[in-house]
Amino acid sequence: AGYAVVLGLLICSTIEAYRLQQTISRREAAVYQAHIVRENALSGLRDYMWLGATYAREYLISGDTRRFRSQILEIARQGNGQAAFLRPEVVKSFSMYTDALQALTGFRPGNPQNAMGLIEQQLLPLRVSAMGTIERARADLQNELASAERDLRRRQRAIVWQLFVVLGGS
């Protein structure tokens, strides 16, 4: 009878340990998934910013306003879709950059020196600022991930200790 009780406690403890490990695994997967989504969004915004600069140069050389507007609207649409996962300062920075790109359509291309001056005076500072915001957000994201990992490990150790106490008491 005594062995049956001990065996029953061991079986219950094993089931509980498995359940707790599954909970930790799900939390860990959720943390990494959220990190990947936000990291991909940051990378996407950075890519759209580089692409926007390329489109601006092309527009200022070719003067195809309709095509440039279409390209910038597409960049803004896709970027804003990804920005939904990010902090407001990143969203604002990206919006300011795409607004500056849109404002370029009021400039009439023709003189390449004026065009490059416009890019250097208006677009480049906004892009540099936005890229800095993205890099700060990326560093914050890494810190959040490290903190979440520490928290998960702490919870895991607490669970192991609880199981040790339960098993030791039986």
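By the 4.5 Å heavy-atom criterion applied to side chains, Arg155 and Arg27 are counted as neighbours. Between His35 and Glu144 the shortest side-chain heavy-atom distance does not fall below 4.5 Å. Proximity of Glu58 to Arg67: side-chain heavy atoms (C-beta onward) are separated by under 4.5 Å at one or more points. Side-chain contact check for Glu149 versus Tyr32: some heavy-atom pair is nearer than 4.5 Å.
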Give the table of side-chain donor-acceptor pairs shorter than 3.5 Å for residues 40-48, with sequence neighbours excluded, one pair per line with atom names and distance.
unit_1	atom_1	unit_2	atom_2	d
Asn40	ND2	Ile36	O	3.4
Ser43	OG	Glu39	O	3.2
Ser43	OG	Arg138	NH2	3.1
Tyr48	OH	Gln78	OE1	2.7

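Residue Ile15 shares its hydrophobic cluster (ILVMFWY side chains chained together at separations under 4.5 Å) with Leu7, Ile11. Taking Ile, Leu, Val, Met, Phe, Trp and Tyr as members and joining any whose side-chain heavy atoms lie under 4.5 Å apart, directly or through other members, the hydrophobic cluster of Val128 also contains Leu124.
Few gaps surround CE on Met131; more than 12 heavy atoms of other groups in view lie less than 6.0 Å from it.
With sequence neighbours left out, Arg157 forms a side chain to side chain donor-acceptor pair (under 3.5 Å) with no residue at all. Not counting sequence neighbours, the partners of Arg77 by the salt bridge (Lys or Arg N to Asp or Glu O under 4.0 Å) test are Glu74.
Under the 3.5 Å distance criterion, the side-chain polar atoms of Asp151 are left unmatched by any main-chain donor or acceptor of Ser147.
One hydrophobic cluster holds both Leu141 and Ile134 under the rule that ILVMFWY side chains link at heavy-atom gaps under 4.5 Å. In terms of hydrophobic clustering, with Ile, Leu, Val, Met, Phe, Trp and Tyr side chains grouped at heavy-atom distances under 4.5 Å, Ile75 and Trp50 are assigned to a common cluster.
Applying the ring-ring contact (aromatic ring centres under 6.0 Å, His included) test to pairs two or more places apart or on separate chains, those with a residue in residues 67-90 are Tyr59-Phe68.
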